[in-house]
Student: 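Input: one structure, supplied below.
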Amino acid sequence: MNLAEGVQLVTFGILAVMMIGAALGVVLASSIVYSAFMLGGVFISISGLYLLLNGDFVAAAQVLIYVGAVNVLILFAIMLVNKRQSFSPLPSTGVRKVLTAIVAIGLFGLLSTMVLATPWADSTIPVVGESSIVVIGEHFFTDFLLPFELASVLLLMAMVGAIILARREYLPEVTPELPQTVLTLPERPRELIGAGSDTKE
């Protein structure tokens with residue numbers, strides 16, 4: 001994004017604080033549903049950072065894939081597997097917390113060393129170029145047309161397989177007198193019985 005230097009710094013600071021706060025909420029929240037919502041906030045903050053770096057396609061993919069698909073899938077999994085069970089403390093909880101703190105501090109030290117040792121280029125001149133979405137679209141439909149179409153066919157096969165697995169309870173019982181074909185998926189007929197009707201002989 002071609003913004004002024006002060007606006008870029010302020011926007012970066014807001015997004016960084018929002019991302020760090022949401023990440024802490026993911027780890028420290030007592031409810032797993034709140035942690036999932038906080039994870040969506042982390043993803044949105046990262047997409048904002050991508051926009052600051054003129055990565056519009058990556059920012060849109062971040063929102064569509066991670067926020068719109070992965071985070072929603074996590075929420076559905078949490079709500080479907082709603083196991084109400086009280087957690088019992090383990091005897092080795094203190095040792096695990098100490099080990100987790102050591103690993104986290106070590107990773108923080110490595111990242112801090114990398115940030116301080118990297119010669120960052122500070123340039124206020126905006127880079128004017130063609131949009132990344134246009135460039136990626138041109139490559140998709142010219143140089144990488146065959147892999148793009150193969151990936152779409154694989155996704156279609158996965159979707160059809162998921163539909164068949166979800167509808168497996170409607171598959172009829174195998175009977176020798178009915179010919180079975182490969183491409184047909186007949187459904188088992190349902191019996192419509194009224195709620196208050198009684199069977200009479």
Student: For residues 59-75, please give each side-chain donor-acceptor pair under 3.5 Å, one per line with the distance, not counting sequence neighbours.
Tutor:
| from | atom 1 | to | atom 2 | distance (Å) |
| --- | --- | --- | --- | --- |
| Asn71 | ND2 | Ala36 | O | 3.3 |

Student: Any side chain to side chain donor-acceptor pair (under 3.5 Å) pairs touching residues 140-162, not counting sequence neighbours?
Tutor: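 Checked against side chain to side chain donor-acceptor pair (under 3.5 Å) - neighbours excluded - the pairs reaching residues 140-162 are His139-Asp143.
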Student: Is Val98 isolated, or which residues cluster with it under the ILVMFWY side-chain rule of less than 4.5 Å, directly or via members?
Tutor: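 When side chains under 4.5 Å apart are linked, the cluster holding Val98 also contains Ile102.
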Student: I need the minimum non-hydrogen distance between Thr11 and Val7, along with the two atoms involved.
Tutor: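 Of all heavy-atom pairs spanning Thr11 and Val7, the closest is OG1-O, 2.7 Å.
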Student: Which ILVMFWY residues are connected to Leu107, directly or by a chain of links, through side-chain heavy atoms under 4.5 Å apart?
Tutor: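 Via sub-4.5 Å side-chain contacts, Leu107 links to Val103.
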Student: Side-chain heavy atoms under 4.5 Å apart, restricted to Ile/Leu/Val/Met/Phe/Trp/Tyr: what other residues fall into the cluster of Leu99, or is it alone?
Tutor: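 Members other than Leu99 - counting any ILVMFWY side chain reachable under 4.5 Å - are Val95.
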Student: Within this structure, what is the CG-CG distance for the pair Leu116 and Leu111, rounded to the nearest 0.5 Å?
Tutor: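 Reported to 0.5 Å precision, the distance equals 11.0 Å.
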Student: With sequence neighbours left out, write down each residue that passes side chain to side chain contact (heavy atoms under 4.5 Å, CB included) with Ser30, or none if nothing qualifies.
Tutor: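 Per chain and number, Ser30 pairs via side chain to side chain contact (heavy atoms under 4.5 Å, CB included) with no residue.
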Student: Is there a side-chain contact between Met157 and Val153 (heavy atoms, below 4.5 Å)?
Tutor: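 Answer yes - side chains close enough.
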Student: Using a side-chain heavy atom cutoff under 4.5 Å and only I, L, V, M, F, W and Y, what cluster partners does Val10 have?
Tutor: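 Besides Val10, the hydrophobic cluster comprises Ile14, listed by chain and residue number.
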Student: Can you sort out the partners of Val115 under side chain to side chain contact (heavy atoms under 4.5 Å, CB included), two or more places apart, ordered by chain and number?
Tutor: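 Side chain to side chain contact (heavy atoms under 4.5 Å, CB included) check on Val115 returns Trp120.
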Student: Looking at CZ of Phe144 and CD1 of Ile136, how far apart are the two atoms once the value is rounded to the nearest 0.5 Å?
Tutor: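 Atom-to-atom, Phe144:CZ and Ile136:CD1 are 11.0 Å apart.
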Student: Identify, with sequence neighbours excluded, every residue that meets ring-ring contact (aromatic ring centres under 6.0 Å, His included) alongside Phe57.
Tutor: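 None.
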Student: Please say whether more than 12 non-hydrogen atoms of neighbouring residues, nucleotides or ligands are located less than 6.0 Å from CD1 in Ile32.
Tutor: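 12 or below, so no.
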Student: Could you work out, with side chain to side chain contact (heavy atoms under 4.5 Å, CB included) as the rule, every residue matching Ile20, not counting sequence neighbours?
Tutor: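 Ile20 satisfies side chain to side chain contact (heavy atoms under 4.5 Å, CB included) with Leu24 only.
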Student: Return a table of donor-acceptor pairs under 3.5 angstrom between the side chains of residues 41-49 and protein atoms on other chains or two or more places apart.
Tutor:
| from | atom 1 | to | atom 2 | distance (Å) |
| --- | --- | --- | --- | --- |
| Ser45 | OG | Gly41 | O | 2.8 |
| Ser47 | OG | Ile44 | O | 2.5 |

Student: Leu150: what forms a side chain to side chain contact (heavy atoms under 4.5 Å, CB included) with it, not counting sequence neighbours?
Tutor: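 Residues passing side chain to side chain contact (heavy atoms under 4.5 Å, CB included) with Leu150: Leu146.
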